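Being a predicted model, the structure only gives us computed values, none of them experimental. Counting starts at 1 for both ligands and their atoms, in listed order. In what follows, residues are counted from 1 in the order of the sequence shown.
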Amino acid sequence: MLAGCIGFFASGCSQSQPAKQKTMKIGVTLYDQYDTFISHLMDTFKEDVYQLSEETGETISLEVMDAAKSQSTQNDQVKMMIERGCDVICVNLVDRTEPTTITDMAEKNGVPIIFFNRELVPEDLERWDKLYYVGADAYQSGVLEGEIAAEAFLASKEMDRNGDGVLQYVSLEGEIGHQDAIVRTESSINTIMEAGIEVEKLGYAIANWNRAQAKTQFTAMWTELGDRIELLLPNNDDMALGAIDALKTLKVPREDWPVIVGIDGTSEGLEAVRAGEMIGTVYNDKEGQAGGMLNLAYAIITGGDLEAAGLKDGKYIRLPYEKITEA
Ligand code: GAL
């Protein structure tokens, strides 16, 4: 499915005076264009491409496709982008364990690939020297989420609703097998325990990063557990918001809500922090990731210095997360 093809032309280039350089072509394929964080990241990326084209006077054509959660669709899209002459392709892998069809095609045709957001294992990234990854450190996001929860628990007795000194919690997890879901779930709770807090897991559910699925899952959890839940640790803001939707639909009085901490810092997530519905979130730097990806793509295409574009160890650009408790 084609999500969009855009050409950005340097200002000052009239039709009678075509740009001197050949048009740069960047292809992007998304695992799911309806994922909130990914769609916001792409809006930022498109904006950055436009700015870069204005600044450098180069014509940059950007083709964005949606793989709609199908790895075979994504493989076909990469093939098509190679045939259409893309200089670099940015891939938000559907299945992070299945990059080889793409990496084989890329190597055979000499087209560098920047994977982003959905991290493949290092061995797969090592298969060819022109494969790169732009993203963030999943471990850090879980630690920061855990710190926000632990600080709240240690600061106020109210969070320990039943007064047993133990923090009863549930988690809402992203996709099975996704690095951010696995690592965030583990590192957030480990951080709380390392702060000296005893915890009890009352349940968990997979909600695939999705607000509507989280609403359904949390409705079931609340029906079973009710206000025994003292803390909700979702792997992202959209799932936190889905749980909040459930609490509102169930008309649960605010004083009975569990403490909720998100991850991403989407505009809706920040709004929920502002409204006091979540005690905080962890900012997933979409601006840094979009900018890092574009700087790297531009340096690759123009034969520039990749380290100066932010690349570390010849392979990675990782942006730090940030705690947000006041929006
Ligand atoms: C995570 C983000 C989630 C979701 C996921 C998709 O980094 O926190 O909200 O967008 O990526 O791969």
Apply the test side-chain contact (heavy atoms from CB on, under 4.5 Å) to residues Q33 and Y31: give CA-CA distance (whole Å), side-chain angles for both, the deciding distance (0.1 Å), then the verdict.
CA-CA 7 Å; Q33 68 174 339; Y31 97 96; over 6 Å; no
Quick one: does N236 get an N or O within less than 3.5 Å of an N or O on ligand 1?
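Right, the criterion is met.
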Does an N or O from N235, backbone or side chain, lie closer than 3.5 Å to an N or O of ligand 1?
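No: no nitrogen or oxygen of N235 is under 3.5 Å from one in ligand 1.
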Per-residue contact class, N284 against ligand 1 - non-hydrogen pairs under 4.0 Å:
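It is the side chain that touches ligand 1; the backbone stays farther off.
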Does [X] have a non-hydrogen atom less than 4.0 Å from ligand 1?
{"X": "D180", "result": "yes"}
{"X": "I263", "result": "no"}
{"X": "R184", "result": "yes"}

Determine whether the side chains of Q77 and Q74 contain a donor N or O and an acceptor N or O closer than 3.5 Å.
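Looking only at side-chain atoms, Q74 and Q77 do not form any donor-acceptor pair under 3.5 Å.
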With a 3.5 Å cut-off and no angle check, do the side chains of N92 and T29 form a donor-acceptor pair?
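Result is no, nothing qualifies.
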Taking CD in E307 as the centre, count heavy atoms belonging to other residues, nucleotides or ligands within less than 6.0 Å. Is the count above 12?
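No.
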State plainly whether the residues R96 and E175 are in salt-bridge range, i.e. N to O under 4.0 Å.
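Judged by the 4.0 Å cut-off on N to carboxylate O distance, R96 and E175 do not form a salt bridge.
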Do I260 and I279 share a hydrophobic cluster, counting only Ile, Leu, Val, Met, Phe, Trp and Tyr and linking them when any side-chain heavy atoms are less than 4.5 Å apart?
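Per the 4.5 Å side-chain linkage, I260 and I279 are not co-clustered.
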For atom 10 (O) of ligand 1, what's the nearest protein heavy-atom neighbour? Residue, atom name and distance, please.
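Of every protein heavy atom, D35 OD1, 2.7 Å lies nearest to atom 10 (O) of ligand 1.
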Name the closest protein heavy atom to atom 11 (O) of ligand 1, giving the residue it belongs to and the distance to 0.1 Å.
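Of the protein heavy atoms, N117 ND2, 2.9 Å lies nearest.
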When T281 is tested against each of T325, N236, D237, T266 for side chain to side chain donor-acceptor pair (under 3.5 Å), which residue passes?
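For T281, the side chain to side chain donor-acceptor pair (under 3.5 Å) check succeeds only for D237.
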If you measure from atom 9 (O) of ligand 1 to every heavy atom of D264, T266, I38, which option wins on shortest distance?
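Comparing heavy atoms across D264, T266, I38, the nearest one to atom 9 (O) of ligand 1 lies in D264.
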